[in-house]
Each structure stands twice: as C-alpha cells, then as structure tokens.
Colleague: 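The structure that follows is given in the form of structure tokens.
In this text the structure is predicted, and so the values were computed from the model without any measurement.
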Amino acid sequence: VHGDIYIYIQNKNTMSLTQKQREELNKAVLEYLQNNNYTDAAKSFSEAANVTVDPSQANGILSNILEKKWLSILRLQKKSLDLEAQIAQLKEEMKTSSGPKNLKSINPSEIENLFPRPPAKYTLSGHRAVVNKIAFHPQYGVIASCSEDASIKLWDFESGQFERTLKGHVGSVNWVSFDPQARYLASCSSDLTIKLWELQTYACIKTLNGHDHNVSAVEFLPSGDHLLSASRDKTIKMWDINTGYCVKTFVGHDEWVRTISIRADGKQFISGSQDQALLLWNIDNTAPVQRMMDHAHVVECVLYVNDATAKKTIIEADYSRAEFAEFVKRDDATAKGDLKARLDAVIQKGKEKDDTSRYDAINVVISGSRDKTIKLWNCANGNCITTFIGHDNWVRDIQLHHSGKYLYSCSDDKSIRIWDLVNGSCFKKIMDAHAHFISSIATNTKYLTMASSSVDLTIKIWQFK
C-alpha cells in the first residue's frame, strides 16, 4: 500500500505542486497512517518519502488534514451535481421562455393577473454596505443601485450581470434617478452634494453644491432640464442641469425632508418629512400650497399618482365616495336623486366610456410612514382618503403595479406587499423577501420586472408570472 501511495505522489510531482506542497502532502499521508494505526505502512512510507511528523504537531494545522480534504471534495462534488441539475432545469425553462415580458406584447387583461413571485430571478451582490435606493433605466435593461459604501453600481437586470461602478461621492449615496430622456443619472449623498453622470461615458459632468446637510432625494422634472433635491437642511432645491446652479429653494418643512415625487406635467410635486407632514408645492411658488397631516411618525416615501388608471381606480373605490362627493356634484349637477345615486351614475358613466380624462382635475398622492401605514390623500383639500394597514414595521417605499390597479409596498418587516386599490385590502405578500430590512423597490416601465434593495447588501430582481 505504502509503495502505491509513494508512486502516486511521485507521478503527481510532474504536475504543478510546489516543493512545499509536496512536503505537506507527504506529511498529511504519514499523519493519516499513524493516526489510524497503520504502523508498518507508516514506517515504510516515512523511509521511502524521507518525511517525519513531529508528535508535538499532531494536533496542529496538519491534524486530520487528509480526512478534511476528502470531506471537502465530497461536499464540492455534491454542490457540482446540484449546480448541474440547476443548469439542466434552466436550459429546459429557456426552451419555453421568451425572456422578460414586454408590456406591449401582452393583452391588457393579462397584465392584471401577473405579479412578482418568489423566488427572485436574480440576487445581485457587490455592495459593501446598505443598498439605499434603486432605479430602472427608462429605455434599456439596466438598473442602478446606490449604497452607504459611497458607490453607485449599474447592473444588467435581464442577465443578472454586474456592469460597472461609478465612484465620486465621499459619503453614503442616498438616492439615484435617471432623467426621462435617458441622458443622465443623478445621485445625491450625505457628502452634501448632487452629482450628474453622463450615460454615454459614465463620467461625472457636474457636482451641485448648495445644501447644508445630507441630501436625501433627487428627481428630474419631466422636461429633463431641471431637477429637485430634498435635504436634511429642511429645504428642497431646484437646479438647472445645464448651468449647475440652484434656481429656487422651497422652504416649509420643520424637519429633515426625506422624499419627493413629481406630477407628470412637472407643475406640482409632493414632499415627505421627518416632521410627519406631506407638503404639496406648485413648481412656480416656493411656499407650499397644501399641508397634509395624519401620520404619527416620519414620512418615509411619497408617490404622486400620475397613472390615469390608478387615479380612476382610487376615485371610484368605495372608500373614496364621501371624499369626492363634491366633485360628483360639479361634474353631474343636472342629475337627479340623492348624492349616492348621482355618484353611482357618474361612476357608471365613466366605466362605460372607460374615460380616465374626466378625472384630470383631481390629484391624488400616496405616502408610507414609520407608523407602519400607507395613506391616500386628496390634494385639493389635504384630506386623508383612506389608510392601508398591514405592515409590522416601517413602510420604506411604494410603487404602482403596471395595471394601475394595485400598489406595491416594502417594509422593515422584510416583506413586499401588494394592495388592491379597489378595496384597500392586502392582495398578496412576499414574506422574508430579503434577509434584512427592505429599503427600496422599483418597477420597470417597459418590462414586467420589479426590483428590491435591502440592508442585507443585495438587490433582487423579481420576474412576473
């Protein structure tokens, strides 16, 4: 036996083992023989290989190393077999799959029945600290992420591959946003700056200075020529991206402004703050036009409802009847009967025509808070229309479903929830979607894909099924 072992080792010497590796291997073989009472074989092998093992090292680094290596090989073999099985399964799926579903290729009736389902298609890893925010490119299969590690990363969400890292900030990067024309990426940071990145060269072409504290959010106006930023200095600033100058400062919050969302025409926006208030602003006026107060804790996220179907769904929901009664009176003043009958008649008329433009005059926003609730608001009077209750921890982000009839939310309870905007109920849940708090969610405007980011340092890509 010992002769065979020695010959085997000698033959392997023609491979890439170094002298030190050969000595360690010989010692490991000798130690194995001695520990298992192969006394004669150990003696012969020791003489043939000219190797000895100091008894004082018996419990040291080489102790049982041969057995450990053998077990490692078995584990790797099992893992290799598992991976081969997964590859075979993926190949089968690829035969019947056409990749991410494009909205234009699906009937509208089918869209309503498609939702993100676990497990996540991809888990993207690479950040070294909390991932704060994610944003989809408006045209291509790219998603941007930003982190407390001071970096921005770009990923191909269709393949799950990392593309590049953008470096320039010297503090936590808190928010990223693409401009509608896909020319620029904006980022803001705890280093008090906003940076503008050109997407052809990925170079930082401007650094905007002016805030006196952490910059927590940044969004482009629909024109793409200006952007808004929110800060811990209690202000919101408007910037000209061509000159890099601050052209307007909006003052009204009493505490840290954490989040903003802009109306589709760029004429109004909503902000949420640590002062527990939402403020509605006209872009031409630096003083707020409406203050909305009903949350019992910090407002973490806001969403201006720009989707016409979502607005129609909310206005026609049972929970909104009382709130929009005055609108019905103005809209159908010639109708007879009591208010409920007139409301039903107007709503039915809208359904028959499938007309969303009749609600253009009404503006609705949605907010999520550390009080664990989601609230819907009427911008005209600042009233809270209804409250969605279900999360067990802070609500961190909200986004609309592609159909406009459902709302996504994510929370520090590690869940992603889907709410039915018709009745306000929690329609679906993805529990333990991440291993830690979920910081952000994003939906792609072109493909049926959703992404989420987390304190667990990862981004997950969820495919709709």
Side-chain angles (χ1 to χ4, degrees), residues 76 79 82-83 86-87 90 99-100 116 118-178 182 184-191 193-205 207 214-218 396-397 399 408 410-412 414-416 430 432-444 446-447 449-463:
L76 287 170
K79 190 170 183 180
D82 290 342
L83 287 171
Q86 288 179 29
I87 290 169
L90 287 170
K121 183 181 180 183
Y122 299 117
T123 298
L124 312 180
S125 301
H127 282 294
R128 294 177 287 104
V130 174
V131 184
N132 289 321
K133 190 72 175 177
I134 48 179
F136 281 108
H137 191 286
Q139 295 177 4
Y140 305 124
V142 172
I143 187 170
S145 60
C146 63
S147 167
E148 289 184 5
D149 64 12
S151 76
I152 301 159
K153 293 185 183 292
L154 299 177
W155 316 78
D156 182 329
F157 71 81
E158 295 185 73
S159 65
Q161 296 298 308
F162 165 75
E163 289 200 344
R164 67 178 66 238
T165 299
L166 306 182
K167 293 183 179 179
H169 286 292
V170 293
S172 170
V173 187
N174 301 318
W175 198 288
V176 283
S177 177
F178 288 97
Y184 307 111
L185 174 74
S187 60
C188 64
S189 170
S190 297
D191 65 11
T193 70
I194 300 150
K195 288 187 181 291
L196 202 61
W197 308 82
E198 201 273 323
L199 292 179
Q200 292 295 321
T201 61
Y202 300 100
C204 177
I205 58 170
T207 297
N214 297 355
V215 189
S216 35
V218 62
R396 298 291 295 274
D397 205 359
Q399 295 290 335
Y408 299 113
C410 69
S411 166
D412 281 0
K414 299 186 283 187
S415 76
I416 297 171
I430 303 177
D432 295 315
H434 281 268
H436 213 310
F437 303 155
I438 305 176
S439 56
S440 169
I441 51 176
T443 54
N444 184 266
K446 186 177 179 182
Y447 293 100
T449 305
M450 186 184 77
S452 56
S453 64
S454 172
V455 175
D456 67 10
L457 318 189
T458 69
I459 301 106
K460 290 193 177 185
I461 306 298
W462 306 86
Q463 195 162 10

Colleague: In Å, rounded to the nearest 0.5 Å, how long is the span from CD of Q463 to CZ of F157?
Modeller: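 Separation between the atoms: 10.0 Å.
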Colleague: Hey, mind stepping through S190 and N174 against side chain to side chain contact (heavy atoms under 4.5 Å, CB included) and telling me if it holds?
Modeller: CA-CA 7 Å; S190 297; N174 301 318; 3.2 Å; yes
Colleague: Do you know the tightest heavy-atom contact between H169 and K195?
Modeller: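 That closest heavy-atom pairing would be CE1-CG, 3.5 Å.
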Colleague: Indicate yes or no for a side-chain donor-acceptor contact from D191 to the backbone of V170 under 3.5 Å, with no hydrogens or angles considered.
Modeller: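 Present.
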Colleague: Please confirm whether the backbone N or O of V455 pairs with a side-chain atom of S439, one donor and one acceptor, at under 3.5 Å?
Modeller: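 Such a contact is absent between S439 side chain and V455 backbone.
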Colleague: Can you find a heavy atom in the side chain of L199 that is under 4.5 Å from one in the side chain of H137?
Modeller: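 Yes - at least one pair of side-chain heavy atoms lies under 4.5 Å apart.
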Colleague: Could you tell me if S151 and K167 have a donor-acceptor pair between their side chains, going purely by distance under 3.5 Å?
Modeller: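 Side chains of K167 and S151: no pair found under 3.5 Å.
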Colleague: Measure the CH2-CD1 distance between W175 and I152 for me, rounded to the nearest 0.5 Å.
Modeller: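 Answer rounded to 0.5 Å: 14.5 Å.
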Colleague: Assess the residue pair L185 and L166 against the criterion (side chain to side chain contact (heavy atoms under 4.5 Å, CB included)); give the C-alpha distance rounded to whole Å, side-chain angles, the decisive distance to 0.1 Å, and a yes or no.
Modeller: CA-CA 11 Å; L185 174 74; L166 306 182; 3.9 Å; yes
Colleague: Distance under 6.0 Å and angle within 45° of the ring axis: does R164 meet both against Y202?
Modeller: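 Ring-cation test returns yes.
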Colleague: Any side-chain donor-acceptor pair under 3.5 Å between T123 and K460?
Modeller: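 Checked: T123/K460 side chains show no N/O donor-acceptor pair below 3.5 Å.
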Colleague: Whether the side chain of N132 engages the backbone of V173 through a donor-acceptor N/O pair (distance < 3.5 Å, no angle test) should be reported.
Modeller: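 Looks like yes, one N/O pair under 3.5 Å.
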Colleague: Mind listing the closest non-hydrogen atom pair of A217 and C188 along with its distance?
Modeller: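 Heavy atoms only, the tightest pair is N-SG, 3.5 Å.
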Colleague: With respect to H127, which candidate in S145, S453, S454 satisfies the side chain to side chain donor-acceptor pair (under 3.5 Å) definition?
Modeller: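 Exactly one option meets the side chain to side chain donor-acceptor pair (under 3.5 Å) with H127, and it is S145.
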Colleague: Kindly compute the distance separating OG (S147) from CD1 (I459), expressed to the nearest 0.5 Å.
Modeller: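 S147 atom OG to I459 atom CD1 measures 8.5 Å (nearest 0.5 Å).
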Colleague: Calculate, to the nearest 0.5 Å, the distance between atoms CG and CD1 belonging to D432 and I430 respectively.
Modeller: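 Output value for this atom pair is 11.0 Å.
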Colleague: Let me see the working for K121 and T449 under side chain to side chain contact (heavy atoms under 4.5 Å, CB included), right down to the final yes or no.
Modeller: CA-CA 10 Å; K121 183 181 180 183; T449 305; over 6 Å; no
Colleague: At what distance, to the nearest 0.5 angstrom, does CZ of F162 lie from CG of D156?
Modeller: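 Separation between the atoms: 12.0 Å.
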Colleague: side-chain contact (heavy atoms from CB on, under 4.5 Å) with S452: which of T458, I461, I416?
Modeller: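 For S452, the side-chain contact (heavy atoms from CB on, under 4.5 Å) test succeeds with only one of T458, I461, I416, which is I416.
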Colleague: Minimum heavy-atom separation for R396 and F437, please, with both atom names.
Modeller: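 Minimum heavy-atom contact is NH1-CB, 4.4 Å.
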Colleague: Please find the pair of heavy atoms, one from W462 and one from P116, that lie closest to each other, and give the distance.
Modeller: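 For W462 versus P116, the nearest heavy atoms are CB-CB, 3.7 Å.
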Colleague: Kindly say whether H434 contributes a backbone atom to a donor-acceptor pair with the side chain of D456 at under 3.5 angstrom?
Modeller: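 Here the side-chain-to-backbone pair does not exist.
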Colleague: To the nearest 0.5 Å, how far apart are CD1 in I438 and OG in S415?
Modeller: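 Going from the CD1 atom of I438 to the OG atom of S415 covers 6.0 Å.
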Colleague: How close do I143 and A451 get, counting heavy atoms only, and between which atoms?
Modeller: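 Residues I143 and A451, closest heavy atoms: CD1-CB, 3.4 Å.
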Colleague: Okay, side chain of Y122, backbone of E158: is any donor-acceptor separation there less than 3.5 Å?
Modeller: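 It does hold such a pair.
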Colleague: With the threshold set at 4.0 Å, does a side-chain nitrogen-carboxylate oxygen contact exist between D397 and K133?
Modeller: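 Looking at K133 together with D397, the answer is yes, because their closest N to O distance falls below 4.0 Å.
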Colleague: Does any part of the side chain of Y184, heavy atoms only, come nearer than 4.5 Å to the side chain of E198, both counted from C-beta?
Modeller: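 The answer is yes, as the side chains (C-beta and beyond) meet within the 4.5 Å cut-off.
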Colleague: Is it true that a side-chain atom of S189 and a backbone atom of S172 form a donor plus acceptor pair closer than 3.5 Å?
Modeller: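 Indeed, once roles are kept as given, a pair shorter than 3.5 Å links the two residues.
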